[in-house]
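To start, the structure itself, in structure tokens.
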Amino acid sequence: MSGAGAHERYAEVTAEILSRAPESDIDPTLDRVRTVLDLLGDPHRNFRVVHVTGTNGKTSTARMIDALVRGRGLRVGRYTSPHLRTVRERIVVDGEPISQERFVEAYDDIRPFLEMADAMSDVRLSFFEILTVMAYAVFADAPVDVAVVEVGMGGSWDATNVVDGDVAVVTPIGIDHTEYLPDTLDGIAEEKAGIIKPGSVTVMAQQPLPAAEVLLRHAAEVGSTVAREGLEFGVTSREVAVGGQQVAVKGLTGNYENLFVPLFGEHQASNAAVAIAAVEAFSASEDAAGLDPVIVGEALAGIDSPGRMEVVRTSPTVIADAAHNPAGMIATVAAVEEAFSFSRLVGVVAIMADKDVEGVLEPLEPLLDEIVVTRNSSPRSLDPAQLAGIARQIFGEDRVHLAARLDDAIDQAVGLAESGGEFGGTGVLVTGSVVTSGDAVHLLRGSGDQ
């Protein structure tokens, strides 16, 4: 097939998958995914798994784990969500998203079995369920030694949870997705604890006490060994460096000094410690004395986390960040304050209608000089007029501006930043949603599928 024809077929397949029920339309059962995988011969049983859940930091931590495991010479598949620029970002082998051609092949390979499973159920497989099956099939076919799998939402009923992880990683838990998950920390933790399997190792980032208690109890019930940040492992020192931070980590089996992490914020240092502990736990039988510090340093120094405190433009500096809940935004604000010294900072914010809008906006009030509210490309994006009304209650009338489109909002914010700030000291922060961040990256850097 010609290049143009292959791209056209890829567009057709992507549209076909996207026509399915979206990630926000959840029917909590693993039966459909299990049915397809059974018909395919259980490809998800052909590799070991590090399974990652939590509310914030999942994708960054999964990317770090991937890099660290590849540094040990193993072939790694990584499945994360959502995507920023192309759906292929979700299915990664050897550190690279699968090609358009491989994406089409993977879908065509499983399509007959999807049709069979659809016919056996009252509910067709969703967009996320299909991508999960595709990922597991691609990983088995590669083949990979290890899959680093990020939960889409929750844990117990998430489509990814047909695997039994050697290591279950739980990044910080907070209140989010309450239209689908419980509205208490212990309730959310109960759902996320579902990925902790008998005989596994559970690596826990620092957690609020109600969440920690639930996770520890569940781990004890199923016989999972627990490693806790701040007790068994953690960051021992950290200082800001050009382009990121210098970190030292006490691991489960080794100590790692002078690690350069090219990401901003204390939360990313914590993510690095969690990732190191997860790979130590995964590799314990081969590396009882700890990981090779040189490999750890090289892996983390090469890490990136697109759309997470990502500088996508300079003069003025434009940062795209995916914070979309109160805890995430608090971490973002702290990272901006620590890593940058703006004389004037203007925000561009678009938030999903089902989020805690006030909780997302309030941490930004002391940070931003002005804010431009808008919408992102998702149909779930809150109407800008409604968002402006909420923002004015927090920021006051004079600091809030409205734009109907994100591109216009970014242009307006750049103008506002440059009009009142010192040359070289102005910035724009585009945030409020993973989709908002991804849209900003797309607008300023182009699509990953062009």
Side-chain angles (χ1 to χ4, degrees), residues 1-47 49 51 77-83 85-93 97-144 147-165 180 194-195 378-380 448-449:
M1 185 179 293
S2 68
H7 183 74
E8 183 177 324
R9 175 61 183 146
Y10 168 72
E12 290 173 355
V13 166
T14 303
E16 191 169 321
I17 297 172
L18 288 170
S19 71
R20 298 274 183 152
E23 287 163 292
S24 57
D25 186 0
I26 296 171
D27 181 52
T29 177
L30 300 178
D31 291 346
R32 291 180 296 274
V33 172
R34 284 185 173 134
T35 296
V36 180
L37 291 171
D38 180 61
L39 292 168
L40 289 167
D42 291 332
H44 59 304
R45 303 298 182 194
N46 290 348
F47 42 81
V49 174
H51 208 172
R78 184 178 76 233
Y79 182 55
T80 57
S81 61
H83 61 275
R85 302 169 72 189
T86 163
V87 70
R88 295 181 294 108
E89 291 170 26
R90 298 179 182 232
I91 305 175
V92 172
V93 176
I98 61 172
S99 67
Q100 293 185 7
E101 293 77 12
R102 184 68 189 98
F103 189 92
V104 170
E105 289 173 359
Y107 180 71
D108 286 343
D109 286 345
I110 70 168
R111 185 176 182 176
F113 304 99
L114 297 176
E115 293 172 351
M116 293 170 64
D118 284 342
M120 297 164 65
S121 173
D122 293 333
V123 178
R124 296 200 313 160
L125 276 89
S126 69
F127 163 81
F128 185 72
E129 288 171 329
I130 289 176
L131 287 177
T132 301
V133 172
M134 285 175 62
Y136 291 161
V138 166
F139 296 160
D141 186 61
V144 303
V148 181
V149 177
E150 177 188 342
V151 165
M153 187 186 302
S156 294
W157 299 110
D158 186 75
T160 65
N161 200 33
V162 293
V163 294
D164 294 326
Y180 313 111
I195 74 161
S378 170
R380 294 166 49 223
D449 276 328

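Scope of the values below: all heavy atoms of this structure, side chains included, with no hydrogens, waters or symmetry mates.
- Taking every heavy atom of both residues into account, Pro112 and Asp109 meet most closely at CD-O, 3.7 Å.
- Note that CE of Met116 and OG1 of Thr35 are 10.0 Å apart. Values are rounded to the nearest 0.5 Å.
- The side chain to side chain contact (heavy atoms under 4.5 Å, CB included) check on Glu105 picks up Arg102, with sequence neighbours excluded.
- Expressed to the nearest 0.5 Å, how far CZ of Arg88 lies from CD1 of Ile98 amounts to 8.0 Å.
- The aromatic rings of Phe103 and Tyr10 lie perpendicular to each other, with more than 60° between the two planes, well past the 30° mark.
- To the nearest 0.5 Å, atoms CG (Asn46) and CG (Asp141) are separated by 10.0 Å.
- In this structure, Ala159 and Glu129 approach most closely via the heavy-atom pair CB-CG, 3.9 Å.
- Arg124 is linked by a side chain to side chain contact (heavy atoms under 4.5 Å, CB included) to Arg20, Asp118, counting only residues two or more places apart in sequence or in another chain.
- Rounding to the nearest 0.5 Å places CD1 of Ile195 at 11.0 Å from CG of Asp164.
- The two residues Val144 and Gly77 make their nearest non-hydrogen contact at CG1-N, 3.6 Å.
- Residues Ala137 and Pro43 approach most closely at CA-CB, 4.1 Å, considering heavy atoms.
- Atom NE2 of His83 is separated from atom CD1 of Ile91 by 11.5 Å, given to the nearest 0.5 angstrom.
- You'll find the side chain of Asp108 reaches within 4.5 Å of the side chain of Arg9, heavy atoms only.
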Check the pair Thr14 / Tyr107 against side-chain contact (heavy atoms from CB on, under 4.5 Å), numbers first and verdict last.
-> CA-CA 9 Å; Thr14 303; Tyr107 180 71; over 6 Å; no

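- Listed here is the closest heavy atom pair of Ala117 and Val36: CB-CG2, 3.4 Å.
- Within the 4.5 Å cutoff, no side-chain heavy atoms of Pro82 are placed close to those of Glu89.
- At least one side-chain heavy atom of His51 sits less than 4.5 Å from a side-chain heavy atom of Asn161.
- Using the six-membered ring where Trp is involved, Phe139 and Phe47 have ring planes that are perpendicular, over 60° apart on the 30 and 60° scheme.
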In sequence, state the C-alpha distance, the side-chain angles, and the governing distance for Leu40 and Tyr136, and then conclude on side-chain contact (heavy atoms from CB on, under 4.5 Å).
-> CA-CA 10 Å; Leu40 289 167; Tyr136 291 161; over 6 Å; no

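- Val133 is listed as a side-chain neighbour of Leu37, based on a closest heavy-atom distance under 4.5 Å.
- With values rounded to the nearest 0.5 angstrom, His44 atom NE2 is found 8.0 Å from Arg34 atom CZ.
- Remark: the backbone N or O of Thr132 is paired with a side-chain donor or acceptor of Tyr79 at under 3.5 angstrom.
- Nearest heavy atom pair, residue Ser81 against residue Arg90, reads CB-NH1, 3.4 Å.
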